[in-house]
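These notes are about the structure you will find just below.
Below, read A as the first sequence line, B as the second, and so on, with proteins coming before strands; counting in each chain starts at 1. Below, all heavy atoms of this structure are taken into account, side chains as well, without hydrogens, waters or symmetry copies. Because the structure is predicted, anything quoted here is derived from the model rather than measured.
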Amino acid sequence: MQENEELKKPYNPNEHEDLIYKKWEDSGFFNPDVCIEKGIADKDADYFSIVLPPPNVTGTLHMGSAFMLAIEDTMVRYNRMLGKKTLWVPGTDHAAIATQSKVEKLIQKEEGKNRHDLGRIEFLKIVEKFAQENHDTIVTQMKKMGCSLDWSREAFTLDEKRNLAVKTVFKKMFDDELIYKGHRVVNWDPKGQTTISDDEIVYEERKATMYTFKYSPDFPIAISTTRPETKVGDTAVAVNPDDTRYQKYIGQTFEIKDFAGERLSIKIIADKEVDPEFGTGALGVTPAHSQIDEGIAQRHDLPLKPVINEYARMSVESSLLKDKKVTEAREIVVGWLKDKNLMIKGEEVSQNVSTAERTGGIIEPLPKLQWFINVNKEFERDGKKLTLKKLMLGVIEKEEINIIPERFEKEYTHWIENLRDWCISRQIWYGHQIPVYYKGDEIYCGLEKPEGNDWIQDEDTLDTWFSSGLWTFSTLGWPHFAEASRGKPGPENDFVNYHPTTVLETGYDILFFWVARMILMSTYATGQIPFENVYLHGLVRDNQGKKISKSLGNNIDPLDMILKYSADSVRMALMVGTGPGNDTKISEEKLKAYKHFANKIWNASRFVLENTGSLQTSDVGSLTEKDQGTIKEYKEIVKDITSDMESYRFYLAADKIYHYFWHTFADIIIEDCKKRIKENDEADSVKALLYYLLREQLKLLHPFMPFITEKIWSLLPDSKNLLMVEKWPN
RNA sequence: GGGCGAUUAGCUCAGUUGGUAGAGCAACCCGUUUACACCGGGAAGGUCAGAGGUUCGAGUCCUCUAUCGCCCACCA
């Protein structure tokens, strides 16, 4: 047969995949407006919408991204085949500090310059070029994976539309006094020269020495610390109110004339947070350089005494310590204590050191004037008193949002309950500049710079998660939308047509960073939940179970794997058997297994088409009783698979269709039909059965293995439309 | 310190609501006038981490223990 000439050759995915993707793109069916226009989706049909978690433009896609894309594209294709108005919005994330610090490292290495050598405008040009290059690679990678994203709606977290959304939300929060500027001890990253939020800290376990000493010979209480250099900033010693050893000193103030060249005034206070069992049971309070101590200081009205500056150097007058790096200062203070016979002991302990996630810098808690989102402040909404925290908790408690797997709901709730105010200002250049303007003592927050020449905009930029928190609605046209346009097609009406989104699919590792913040931002700014379901996937590990990373040298590039095994095989290898919230191991054996499966599909299709000739539609009614029974059994499988798809059990659905195709259809049904063909027995029934089962299974397989199924579909004598817009069987 | 997950064949893992233990890879035997050797058939391999409990019935539910892993807190 002429039309099946292509099937005679072995399946070569590289030859077909790009061409098939082009066909899909040209069809316009990635865009729901086109689907409605062409009658693929009814204009009154349900919608299925999902935003792509925007990959960071810091780099290119890894196996974890491929996993995410496979799951999401499977969902999207399935729902499109159900006839829903299906929208998957693509985009990328500027990733603020991550991108900036990466570019800073690059120019330091290549040109020996830092960002200040270049200036804000010049530096940003380089960052933007870097971002653009990565963006382009990422887009290519997503197309290679077969993602049916609506490229006409592509967004970037730092483009103009998203900037408008950011400014609008900021102003709303500012006016509601949920955003405030405050002087507080923040996490300062001396390496990145910026504040970071609590969530951007990673703890590294290191060995340290815990020193126990007295401030002066006549000071009555010994204290312990791993950071003696900060002790020049102490203004109190806190003890537990019930600790009988120290009760007599509570309320007294001791003047210490010389502590490593500094004068200290130490008040003895009682605070129940102090653990009498730990160390000496007394805590030296350093209000300026510890967030816990800051809290104690506030309760007891203690003065703040900053002794470390932004460069992690000592800012005290003591000639011993002035301008010394904290690590040097530590040695100096230890030496001084030993000299003066004040050191009682030093023992080795392991402790968690706070480091900045993106730069690796050791965090120095410092008092700084910064912008915060107040998560505990009450505000009115529809006559009810709310806080952002309550808003975030409520939607999970009331089950407006369903998290899959369920166990993460507990983790989410626990995290919110312990949430502190979110520091959103960053001293970096790449990001959304804070929409606040100053003129003398005047302060103005607004979308545009106010009239008059003397207004100066706040130099800081926003935490990247501020803009990604708006992602579900900033990508759908908010704040520009009109309720009256519901049901009318076109991107300008997306917010009313597609929000709340149906599902958010992302890694469990960013549940707090991102998912929680989207819930906060969306419920606050739009009054709508951002999504109805959250599907969390796990990490992709290597076949030894190790986390995949460039530094470990076990990095697997999805593009290499696609080239070697096909995009369909990569997708299947990632999907089969990996339930939500579970990590998966990827190995070449697994990829090979699904490459074999693709080959199986190709060859079985060849066999069927060679034997069914120009048969077009299967007249299932004329089948023998036995063959009708086979189809009945098959339909049970379809029902089962559909129910798995509906319940987000893609890992099971993929496995079931794989097994049915190979071990029932190919191994049993085809083998049986071979005999019947040879004996020329019930030829019409055999043909109809084979053609029907092949054609139907291509539909089931399509969301998982879109390329090969679309290719074979195009070779069927009766394929008129693209398989991607065929109806899912029932 | 608090929380969560995992423990099933040599290896990697499935097993959705409790109903006679499954797949892939590896190893073993047989098969190539063939849709496919990127294959087919067959056989082998498991007191489902351990102990106790609920049940007519437990890999699945409950309790405890052990080992491994992750997250959160951060004891100064």
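- Between A:Phe259 and A:Trp336, the two ring planes are perpendicular [angle over 60°; tilted spans 30° to 60°].
- No donor-acceptor contact under 3.5 angstrom links the side chains of A:Asn240 and A:Asp275, judged on distance only.
- Taking the P atoms as reference points, B:G22 lies 15 Å from B:U47, given to the whole Å.
- Side-chain contact check for A:Asp672 versus A:Arg676: some heavy-atom pair is nearer than 4.5 Å.
- Nearest to the side-chain atoms of A:Lys585 among the listed nucleotides B:A35, B:C13, B:C38 stands B:C13.
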Item checked: Derivation and outcome, salt bridge (charged side-chain N to carboxylate O under 4.0 Å, His left out), residues A:Glu671 and A:Lys674 -> CA-CA 5 Å; A:Glu671 288 307 318; A:Lys674 267 187 201 167; 3.0 Å; yes
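- Of all nucleotides listed (B:U16, B:A76, B:C4), B:A76 comes nearest to the side chain of A:Thr225.
- Judged purely by distance below 3.5 Å, without hydrogens or angles, the side chains of A:Glu646 and A:Ser643 never pair a donor atom with an acceptor atom.
- Among the nucleotides B:A14, B:C38, B:C39, the one closest to any side-chain atom of A:Leu652 is B:A14.
- Two residues are said to be in side-chain contact when any heavy atoms from C-beta on lie closer than 4.5 Å; A:Phe607 and A:Leu690 meet this criterion.
- Residue contacts shown for A:Ile292 are limited to sugar-phosphate atoms, with no base heavy atom under 4.0 Å away.
- Side chain of A:Ser719 to main chain of A:Leu716: a donor-acceptor pair is present (N/O by atom type, distance under 3.5 Å, no hydrogens or angles).
- For B:C4 and B:C11, the P atoms lie 29 Å apart once the distance is rounded to whole Å.
- At a threshold of 4.0 angstrom between heavy atoms, the contacts of A:Asp667 are confined to the sugar-phosphate backbone, with no base atom among them.
- Distance from the side chain of A:Lys231 is smallest to B:A76 among B:A14, B:A76, B:C38.
- Contact annotation for A:Arg649: base contact, defined as any heavy-atom pair under 4.0 Å involving a base atom.
- Evaluation of the side-chain contact (heavy atoms from CB on, under 4.5 Å) rule for A:Asp560 yields A:Asp557 as partners, not counting sequence neighbours.
- Scanning for side-chain contact (heavy atoms from CB on, under 4.5 Å) contacts around A:Ser224 gives A:Met210, A:Thr212, A:Thr280, with sequence neighbours left out.
- Here CD of A:Glu294 is found 11.0 Å from NE2 of A:His289. Values are rounded to the nearest 0.5 Å.
- The C1' atoms of B:G31 and B:A14 are separated by 30 Å, rounded to the nearest whole Å.
- Of the residues in residues 668-677 of chain A, those with a non-hydrogen atom less than 4.0 angstrom from any atom of RNA chain B are A:Ile670, A:Glu671, A:Lys674.
- If you check every strand for non-hydrogen atoms under 4.0 Å, A:Ala666 touches a base.
- Stem regions annotated for RNA chain B: B:1-7 with B:66-72, B:10-13 with B:22-25, B:28-31 with B:39-42, B:49-53 with B:61-65, counting only runs of 3 or more consecutive pairs of Watson-Crick or G-U type with both contacts under 3.5 Å.
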Distance-only donor-acceptor hits, side chain of residues 231-239 of chain A, under 3.5 Å, sequence neighbours excluded:
| unit_1 | atom_1 | unit_2 | atom_2 | d |
| --- | --- | --- | --- | --- |
| A:Lys231 | NZ | A:Asp234 | OD2 | 3.2 |
| A:Lys231 | NZ | A:Gly284 | O | 3.0 |
| A:Lys231 | NZ | A:Thr286 | OG1 | 3.3 |
| A:Asp234 | OD1 | A:Thr286 | OG1 | 2.6 |
| A:Asp234 | OD2 | A:Tyr215 | OH | 2.5 |
| A:Thr235 | OG1 | A:Pro303 | O | 3.3 |

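- One can place NE2 of A:His414 at 11 Å from P of B:C74, the figure rounded to the nearest angstrom.
- Annotation: B:U65 and B:U55 have their C1' atoms spaced 24 Å apart (nearest Å).
- Residues from residues 574-583 of chain A that place a heavy atom under 4.0 Å from any atom of RNA chain B, listed by number: A:Gly577, A:Asn582.
- Spacing between B:A26 and B:A43 at atom C1', rounded to whole Å, works out to 16 Å.
- Of the P atoms belonging to B:A73 and B:G3, the separation is 15 Å, rounded to the nearest Å.
- Taking the six-membered ring for Trp, A:Phe661 and A:Phe665 have ring centres closer than 6.0 Å.
- For A:Glu505, the side chain to side chain donor-acceptor pair (under 3.5 Å) test picks out A:His537, with sequence neighbours left out.
- Atom name P, nucleotides B:G19 and B:C25: the rounded distance is 28 Å, in whole Å.
- Checking B:C4, B:U16, B:C39 against every side-chain atom of A:Glu411, the shortest atom distance belongs to B:C4.
- Of the candidate nucleotides B:G15, B:G5, B:A76, B:A76 has the atom lying nearest to any side-chain atom of A:Leu283.
- Among the heavy atoms of the strands lying under 4.0 Å from A:Thr226 are primed sugar atoms or P, OP1, OP2 only; no base atom is included.
- Classification of the A:Trp602-A:His16 ring pair by plane angle, with boundaries at 30° and 60°, yields tilted.
- Rounding to whole angstrom units, CG of residue A:Asp509 and P of B:C72 are separated by 10 Å.
- Every side-chain contact (heavy atoms from CB on, under 4.5 Å) that A:Ser714 has, sequence neighbours left out, goes to A:Lys23, A:Lys711.
- Checking the phosphate oxygens (OP1, OP2) of B:G40, a side-chain nitrogen or oxygen of A:Trp662 falls inside 4.0 Å.
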Please enumerate all protein N or O atoms sitting under 3.5 Å from an N or O of nucleotides 19-28 of chain B, with distances to 0.1 Å.
| unit_1 | atom_1 | unit_2 | atom_2 | d |
| --- | --- | --- | --- | --- |
| B:A23 | O2' | A:His659 | NE2 | 3.1 |

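- Ranking B:G15, B:U16, B:A76 by closeness to the A:Asp644 side chain, first place goes to B:U16.
- Comparing the C1' positions of B:C71 and B:A58 gives a spacing of 30 Å, expressed to the nearest Å.
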Show every donor-acceptor pair shorter than 3.5 Å between a side-chain atom in residues 344-354 of chain A and any protein atom, with sequence neighbours excluded, or say none if there are none.
| unit_1 | atom_1 | unit_2 | atom_2 | d |
| --- | --- | --- | --- | --- |
| A:Gln351 | OE1 | A:Thr226 | OG1 | 3.2 |

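- Sequence order on RNA chain B of the closest nucleotides to A:Pro10 and A:Asp640 puts A:Asp640 first from the 5' end.
- Rounded to whole Å, the distance from CG on A:Asn418 to P on B:G1 is 18 Å.
- Taking 4.0 angstrom as the limit, A:Gln351 places a side-chain polar atom (N or O) nearer than this to OP1 or OP2 of B:A76.
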Check: Taking it one step at a time, do A:Asp189 and A:Arg358 satisfy salt bridge (charged side-chain N to carboxylate O under 4.0 Å, His left out)?
Finding: CA-CA 10 Å; A:Asp189 169 14; A:Arg358 296 301 176 177; over 6 Å; no
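- Judged as a side-chain contact (heavy atoms from CB on, under 4.5 Å), and not counting sequence neighbours, the contacts of A:Ile404 are A:Asn402, A:Tyr535, A:Pro580, A:Tyr648.
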Next item on the list: Go through the steps to decide whether A:Tyr565 and A:Tyr594 satisfy the test ring-ring contact (aromatic ring centres under 6.0 Å, His included), and finish with yes or no.
Entry: CA-CA 8 Å; A:Tyr565 299 105; A:Tyr594 291 103; over 10 Å; no
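- For A:Lys410, whose side chain is taken as the heavy atoms from C-beta onward, the closest listed nucleotide among B:C74, B:C4, B:A14 is B:C4.
- For the segment residues 197-208 of chain A, the set of residues with a heavy atom within less than 4.0 Å of an atom of RNA chain B comprises A:Tyr203, in numerical order.
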